[in-house]
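Everything below concerns the one structure shown next.
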Amino acid sequence: MTVLEAIQKSTEFLDKKKVESPRLQTELLLAHLLKMPRMKLYLNFDRALVVAETDALRELIKRRGLREPLQHIIGSTSFCGYEIAVNRLVLVPRPETEMLAELGWQYLNGAHGKAEGQSPDRLEDKPQKLADQAVGAPRVLDFCTGSGCIAIALAAKCPSASIVATDISAEALVLAQENAVKSGVAERIEFLQGDGLAALKAGLQFDLIVSNPPYIASAEIATLDPEVRDFDPRLALDGGADGLDFYRMLAKAAKMFLKPDGKIMLEFGDGQADGIKKFFEDEKWIVEAVQEDYSQRARILIARQ
Ligand code: GLN
């Protein structure tokens with residue numbers, strides 16, 4: 001079988017299994033298997049696959065057909081350009097969350113981004129200004145860190161920051177720590193296990209609290225795509241009866257961990273903006289912005305005391 005035939009056959013199979021973007025998924029798996037960039041497949045359409053390669057591809061495609069996420073099969077994903085290993089113990093980092101990380105490092109580095117020559121240009125013409133700069137070596141809390149993706153991106157893009165990353169899952173933190181080591185930022189991230197803010201010692205204060213907490217309503221989890229429902233850990237999805245438990249709690253309790261001029265930035269799900277904004281306003285926060293994602297859906301709340 002040639003590369004092209006393998007792609008066509010596998011695409012058809014994944015399509016029948018109702019996998020989204022079956023051709024792209026096939027190409028990514030085959031490129032992974034053949035250890036070549038996906039675009040290089042196009043130059044190799046006529047190349048014959050050896051038996052070991054077709055066997056291995058069949059195995060990968062079979063797993064994807066059972067709706068195992070591509071990132072689990074490959075074992076990692078890219079987040080803000082950093083390689084993040086994933087497994088069934090952590091949420092697979094989502095592209096939307098890259099925007100939260102980006103808003104975080106823009107704030108930490110000042111509106112024009114001074115870190116390592118990186119210019120966060122993608123958000124440059126967004127309306128809100130994140131000009132107030134956290135002075136000195138900023139301290140950041142990544143609450144519910146999961147794979148560690150946000151903490152790692154912030155540590156990498158803001159070389160003066162020191163970060164505390166918490167999670168209820170000790171197993172998730174093991175993976176997050178390994179990810180931090182691989183990205184070369186482990187010495188500036190302290191990983192703490194605990195339920196909610198109980199992971200933190202009283203008296204700790206941060207310039208920035210970021211979080212993408214679990215926000216799916218418990219009853220909705222059963223209705224999600226199999227890739228999410230069956231492979232992301234329930235702990236990382238379940239936000240309680242209405243999905244908003246973590247925001248309710250943070251609106252009440254996060255202030256004591258925030259410096260007087262600090263900010264909180266929280267990702268949330270579709271349709272949750274108004275409810276979350278109200279929790280924060282009821283607790284006397286100033287909501288500075290509700291940021292939309294690249295599909296024009298309200299996605300991130302930015303607030304201060
Ligand atoms: N902070 C991690 C992420 O954004 C994990 C989030 C979670 O487990 N809910 O991917």
Side-chain angles (χ1 to χ4, degrees), residues 69-72 75-105 140-157 163-180 183 185 189-197 199-200 206 208-218 220-221 224-225 227-240 242-250 254 264-270 272 276 291 293-294 297 299-301:
L70 180 82
Q71 297 89 338
H72 283 202
S76 70
T77 190
S78 167
F79 184 85
C80 297
Y82 303 95
E83 193 185 343
I84 303 290
V86 294
N87 59 27
R88 292 180 86 132
L89 303 167
V90 299
L91 189 89
V92 171
R94 307 295 204 265
E96 295 84 12
T97 307
E98 292 182 322
M99 181 180 245
L100 173 63
E102 197 168 351
L103 287 167
W105 80 65
V140 182
L141 169 64
D142 176 19
F143 178 69
C144 300
T145 196
S147 63
C149 57
I150 301 172
I152 290 165
L154 290 181
K157 298 285 191 187
I163 296 172
V164 172
T166 65
D167 206 283
I168 193 171
S169 160
E171 294 161 310
L173 290 175
V174 171
L175 186 67
Q177 169 87 38
E178 287 169 12
N179 281 329
S183 294
V185 293
I189 307 179
E190 186 184 3
F191 291 98
L192 297 176
Q193 189 272 332
D195 188 356
L197 294 169
L200 301 171
F206 299 96
L208 173 65
I209 299 178
V210 279
S211 184
N212 174 28
Y215 56 66
I216 313 288
S218 309
E220 256 176 51
I221 293 177
L224 300 175
D225 285 342
E227 285 86 347
V228 180
R229 184 192 65 206
D230 302 337
F231 292 91
D232 276 325
R234 190 172 174 108
L235 259 182
L237 300 173
D238 194 343
D242 64 356
L244 301 178
D245 281 2
F246 285 86
Y247 306 92
R248 226 178 259 112
M249 183 278 284
L250 288 169
I264 190 164
M265 299 185 181
L266 301 175
E267 183 173 332
F268 53 82
D270 236 5
Q272 296 179 329
I276 293 171
Q291 176 82 45
D293 62 20
Y294 297 116
R297 293 204 187 96
R299 178 61 78 177
I300 293 165
L301 174 105

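Counting starts at 1 for both ligands and their atoms, following the listed order. Note that this is a predicted model, so its numbers are computed, not measured.
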### Query
Does the side chain of E171 come within less than 4.5 Å of V174's, by heavy atoms?
no
### Query
Does E98 use its side chain to pair, donor to acceptor, with the backbone of C80 at less than 3.5 Å?
yes
### Message
Taking 4.0 angstrom as the limit and counting only heavy atoms of T97, give me the atoms of ligand 1 inside it, by number and element.
### Response
4 (O)
### Summary
In ligand 1, the atoms that come under 4.0 Å of a heavy atom of I150 are 1 (N), 4 (O)
### Message
For ligand 1, which is the ligand I care about here, please tell me if C144 has any N or O atom under 3.5 Å from one of the ligand's N or O atoms.
### Response
yes
### Query
Is the closest basic N to carboxylate O distance between D293 and R94 below 4.0 Å?
no
### Task
May I ask which of N212, L91, T145 has a heavy atom nearer to atom 2 (C) of ligand 1 than the others do?
T145
### Task
On the 0 to 90° scale, with breaks at 30° and 60°, tag the Y215-Y247 ring pair as parallel, tilted or perpendicular.
tilted
### Query
What protein heavy atom is closest to atom 8 (O) of ligand 1, reported as residue, atom name and distance in Å?
A236 CB, 3.2 Å
### Query
Has C149 got any heavy atom lying under 4.0 angstrom from an atom of ligand 1?
yes
### Task
Compute whether any side-chain donor of one residue and acceptor of the other, for T145 and D167, lie under 3.5 angstrom apart.
no
